[in-house]
Trainee: 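Handing you this structure, nothing more for now.
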Amino acid sequence: MSVMKRVTLIFRSKANKALDRMEDPRETLDYSYQRQLEMLQKVRRGVADVATSRKRVELQMNQIQQQSNKLEKQARNALGAGREDLAREALTRRSSAQSQLSDLQAQYASLQAEEEKLTVASQRLQSKVDAFRTRKETIKATYTAAEAQTRINEAFSGISEEMGDVGMAIQRAEDKTAQMQARAGAIDELLASGALEDVSGTPRDDIQAELDRMGAGSDVELELQKLRGELSSGSTPELEAGTGGNAATGNAPPRPAARPAPASDGVQSATEPTIPASDVGESAIPSADPPRTGDGT
Amino acid sequence: MIVRILGEGQLSVDDAAAAGLNELDAKLSDAIDRGDEAEFRRALKALAAGVRAAGTPVPPDSLQPSELILPYEDADLAEVRKMMTDEGLIPG
């Protein structure tokens with residue numbers, strides 16, 4: 001089992017290196033327990049951070065969905081008033097909004113999955129830390145310093161492996177949230193720039209809209225035709241969703257399960273962490289950190 | 001034996017299932033050597049699925065170390081390469 005074996009060896013050697021040994025092995029138990037409590041706090045903070053990012057994405061999805069609905073209405077009105085140019089502009093912007101929206105949906109799903117993973121990891125670590133505490137007290141009460149070493153090693157190997165795993169999970173989640181936050185910042189800028197805004201009466205000199213139009217031209221033509229058809233037949237059914245498929249979801253944040261399939265693959269791979277694994281490995285098992293004072297016990 | 005899937009937890013795997021897992025591991029190793037990202041992803045997913053199918057979850061309060069550790073199921077090739085060679089710390 002070459003891959004698993006090699007990963008195991010590396011992982012174990014890192015975990016062992018992370019273990020600072022005291023003169024009396026029984027003191028090492030207390031010190032390690034402190035570190036475990038710190039790690040528990042860290043993973044809980046990690047869960048909270050991911051949740052914050054997820055909420056931010058949710059908020060943006062709502063804003064963009066509203067904008068998209070508004071643009072659709074404007075396109076309809078503009079075409080009704082014989083202003084095809086304005087309708088075209090509105091649909092172009094709507095198309096851009098829809099593509100932002102499907103990107104955000106993928107991010108939302110990814111953050112939600114990350115949050116769940118970290119929550120489970122935190123519960124698992126909690127169970128092991130509790131078990132370690134019990135074991136630690138037994139060892140201290142039962143064995144002399146000389147006798148304790150073997151028992152301590154047994155307890156350590158299991159807990160340090162879990163700590164390493166959780167540490168890496170936190171690091172991965174942090175990398176992922178950092179990337180998402182950069183993207184969320186870009187979307188905030190996009191919203192602030194007015195690229196997705198109200199088009200009624202605005203001059204058509206917006207560069208962003210021009211760029212969007214180049215990419216979204218064919219979609220716009222299709223939607224224009226659809227609107228023409230609707231108007232000529234006298235009915236006004238809801239405009240079907242473009243790339244995002246969200247016209248019917250209103251303002252509710254779309255759940256990941258309802259995420260449209262076409263957008264997911266590309267976006268997903270683009271959101272994966274690109275931080276070198278060496279960094280992850282280095283920080284996975286926090287060995288040299290001094291114990292924080294006032295923590296835990 | 002106990003196998004850990006990183007980010008997921010530990011599973012107790014019957015020794016009888018080890019042969020099948022060995023085969024999947026060899027495929028994974030091969031994909032890494034060739035730098036074939038697509039095959040690597042398939043093999044890693046297959047190996048994780050194999051471990052899950054053959055294993056039962058270890059109780060969360062167990063302090064037993066794992067005999068084998070499997071990378072994150074969604075890890076990419078570069079990440080796993082690092083995990084296999086990082087700092088050349090292979091003992092013995």
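Every chain is numbered from 1 and lettered A, B, ... according to where its sequence line falls, protein lines coming before strand lines.
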Trainee: So, taking the atom named CD in Gln181(A) and the one named OG1 in Thr52(A), what distance separates them when rounded to the nearest 0.5 Å?
Mentor: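 The OG1 atom of Thr52(A) is 8.5 Å from CD of Gln181(A), to the nearest 0.5 Å.
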
Trainee: Which value, rounded to the nearest 0.5 Å, describes the distance between Leu37(A) atom CG and Arg133(A) atom CZ?
Mentor: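 Taking CG in Leu37(A) and CZ in Arg133(A), the distance rounds to 8.5 Å.
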
Trainee: Answer with side chain, backbone, both or neither: which region of Ile5(B) has an atom nearer than 4.5 Å to a non-hydrogen atom of chain A?
Mentor: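 The backbone, not the side chain.
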
Trainee: Sort Glu23(B) into side chain, backbone, both or neither according to what part of it lies under 4.5 angstrom from a heavy atom of chain A.
Mentor: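 Neither part, no heavy atoms under 4.5 Å.
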
Trainee: Where does Val120(A) contact chain B at under 4.5 Å (heavy atoms): side chain, backbone, both or neither?
Mentor: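 For Val120(A), no heavy atom lies under 4.5 Å from chain B.
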
Trainee: Find out whether the Lys NZ or Arg CZ of Arg26(A) is both under 6.0 angstrom from the six-membered ring centre of Tyr143(A) and within 45° of the ring's axis.
Mentor: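 Judged by the rule (NZ or CZ under 6.0 Å from the ring centre, within 45° of its axis), Arg26(A) is not positioned above Tyr143(A).
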
Trainee: Would the distance check show the side chain of Asp165(A) and the main-chain N or O of Leu6(B) forming a donor-acceptor pair, the cut-off being under 3.5 Å?
Mentor: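 Side chain of Asp165(A) to backbone of Leu6(B): no pair is present.
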
Trainee: Name the option with the most non-hydrogen atom pairs under 4.5 Å to chain B; the candidates are Arg135(A), Gln126(A), Lys117(A).
Mentor: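 Top option by heavy-atom pairs under 4.5 Å: Arg135(A).
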
Trainee: For chain A, find which of Ser62(B), Ser66(B), Pro71(B) contributes the most heavy-atom pairs closer than 4.5 angstrom.
Mentor: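 Ranked by heavy-atom pairs under 4.5 Å with chain A, first place is Ser66(B).
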
Trainee: Measure Leu47(B) against the heavy atoms of chain A and call it side chain, backbone, both or neither at under 4.5 Å.
Mentor: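 Contact with chain A: side chain only.
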
Trainee: With a 6.0 Å cut-off (strictly less than), is the heavy-atom count around NZ of Lys27(B), excluding the residue itself, greater than 12?
Mentor: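 No, not enclosed.
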
Trainee: Phe40(B) ring centre to Arg42(B) NZ or CZ under 6.0 Å, with the angle to the axis within 45°?
Mentor: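 Arg42(B) over Phe40(B) ring: no.
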
Trainee: Which atoms of Glu162(A) come close to chain B, meaning under 4.5 Å heavy atom to heavy atom: side chain ones, backbone ones, both, or neither?
Mentor: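 Contact with chain B is through both the backbone and side chain of Glu162(A).
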
Trainee: Between Ile32(B) and chain A, with a heavy-atom cut-off of 4.5 Å, which part of the residue counts as in contact: side chain, backbone, both or neither?
Mentor: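 Contact with chain A: side chain only.
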
